[in-house]
Structures are given as structure tokens and as C-alpha cells.
Amino acid sequence: MGSATSELPSSRTPLRDTAENGLKIVVVGGFGVGKTTLVRSVSEIRPLNTEEVMTQAGAGVDRMPESSGKNTTTVAFDFGRISLNDRLVLYLFGAPGQKRFWFLWDRLFSGTLGAVVLVDTRRMDESWYAIDRLEHHGTPFVVAVNRFDDDSARHSLDDIRTALALPDHVPLIDCDARVRSSGKDVLITLVDHLHHLARERELTA
């Protein structure tokens, strides 16, 4: 991505007294795909980050594009909160992307109603594990393509759906993790997807 930075809330937003429903949402994907950026951009509170500066010990282990400029890594999870309306609150957990931390994912999935799989089209192979684990847990998810400025290929969403072997019923959208409105669109898409699945279950019960 370019030099733009994600937006941060200027002040803490208190949880509304009318909030009745809290949904746990997990953001997963490969290393450096933008999970921390997405949580930071949409959170209405200053997010909890467990980022550490990468050292030489990670060289050759954490594979990143040379142009990324990334020098920190999430070692546990990111946490943020966003109120979609007066009653519905999303609690966001950003999972660590490196393979050596994937053992944490199953615990993060506990109690999760839905997930966002964030995809970098330059390294789509790193998205398969996230999709596989979510399907294994039976966790509904949407896929958001985080478009990076130096991605010259610009694959279409149809091409990405084919490459990831995504079923037609799984929502697939573009996003810019740095932009709050774009991140909110991703979360709204997920909530709409969860609502649609719940209605389907009611009709077939």
C-alpha cells in the first residue's frame, strides 16, 4: 500500500446505554495483509495492539514483499470495537498472520459469530489456510480484497473467487483497510451475510 496511514479515533467513544447485542468478529489472513490496519481504522476506541518490532531473527521466516515497509508484527491479537447502530456492537479481534502463531486462531474462533478473511492478491496462497480453518469450524465469513497500491495485476473479483475456489454464497468485496468507511462496508457486508444465513435457517427449520 502507499504511504497513507489508517485513521484513528480522536477520542474514546463510550459504549451506548442502548447497546443490547455484541458480536465477536475475527479478522484473519496472511502476514502483513492489513488486519491491524483494518481494526485500527474502524475501531471507535483506541485499539489494543500487541505489535512488536521485527528483528533479524524473523528474516526468512516472515515473508513480506520488499516494498511493504512493514517493521512490526502482531504477536497475539488486535482488539477494537465499533457500534453499527444504537443496539448492535461489534467486537473485533485481529489474528496474527505468521504461520508460527496460527495455533492461536482456534482459540480466537471460540464464540465467534463471523469472520473477515483479508486477502492480498500478491500472496493469495496465504489465504487458503484461513478459509480452511473457518470452514472446519463452521464459522461464516466474507472475503475482503485489500487493494495495495503496488499491485500491478489488479485481478478482478471473479478471478479471485476462482483462484480461492470460493462458493457463490460467500460474499467477496474490494476494500482499502486504511479507510474507515471502506472497513465499515466490509463489516456491514459480514453482518448482512450473517443475517441472511440466520433467515435461511429459520425458513428451513
Side-chain angles (χ1 to χ4, degrees), residues 1-16 19 22-55 58 62 64-65 67-85 88-98 101-102 104-105 107-109 111-123 126-127 130 134 141-151 171 173-191:
M1 300 178 77
S3 58
T5 57
S6 60
E7 304 164 11
L8 282 171
S10 58
S11 61
R12 294 171 182 259
T13 302
L15 188 62
R16 297 171 184 171
L23 304 179
K24 179 182 176 183
I25 303 298
V26 174
V27 183
V28 294
F31 176 50
V33 75
K35 299 179 297 296
T36 297
T37 300
L38 178 64
V39 173
R40 182 183 295 133
S41 293
V42 301
S43 180
E44 63 194 15
I45 60 174
R46 286 199 172 271
L48 167 66
N49 296 128
T50 55
E51 287 194 311
E52 296 291 343
V53 176
M54 293 188 292
T55 66
D62 300 326
M64 278 292 296
S67 60
S68 68
K70 184 175 176 64
N71 59 7
T72 60
T73 182
T74 299
V75 295
F77 60 84
D78 304 310
F79 174 77
R81 186 190 79 206
I82 180 171
S83 299
L84 290 186
N85 54 42
L88 182 60
V89 180
L90 301 185
Y91 296 100
L92 309 174
F93 292 81
Q98 307 96 308
F101 293 130
W102 282 355
L104 295 171
W105 287 18
R107 293 185 180 181
L108 280 177
F109 291 162
T112 297
L113 291 184
V116 174
V117 178
L118 208 55
V119 173
D120 178 353
T121 57
R122 301 168 301 177
R123 295 174 291 135
E126 296 183 7
S127 306
L134 289 168
F141 64 93
V142 301
V143 177
V145 181
N146 193 18
R147 297 291 188 178
F148 286 76
D149 294 337
D150 61 349
D151 179 10
I173 61 174
D174 281 318
C175 79
D176 186 334
R178 301 168 297 185
V179 179
R180 179 176 174 81
S181 59
S182 182
K184 287 184 69 174
D185 286 343
V186 172
L187 298 177
I188 290 171
T189 299
L190 175 58
V191 171

Qualifying residue, where the test is side chain to side chain contact (heavy atoms under 4.5 Å, CB included) with L187 and the options are L23, V142, L92: L92

For the student: nearest non-hydrogen atoms of A115 and L134, plus distance: CB-CD2, 3.6 Å

Side-chain touch V116/K35, heavy atoms, less than 4.5 angstrom: no

Distance-minimising heavy-atom pair for A177 and S41: O-OG, 2.8 Å

Side-chain (S43) to main-chain (R81) donor-acceptor, under 3.5 angstrom: yes

T36 and D78: side chain donor to acceptor below 3.5 Å: yes

Any side-chain heavy-atom pair of E126 and D120 under 4.5 Å: no

Contact summary for F141 and P171, nearest pair of heavy atoms: O-CD, 4.0 Å

For the student: nearest non-hydrogen atoms of L118 and V33, plus distance: O-CG2, 3.4 Å

Ring pair (Phe, Tyr, Trp, His ring centres under 6.0 Å) involving F93 - partner list, sequence neighbours excluded: F77, F79

Shortest non-hydrogen contact between V186 and C175, atoms and distance: CG2-CB, 3.6 Å

Contact summary for V26 and F109, nearest pair of heavy atoms: CG1-CE2, 3.9 Å

Heavy atoms from other residues, nucleotides or ligands near NZ of K24 exceed 12 (cutoff 6.0 Å): yes

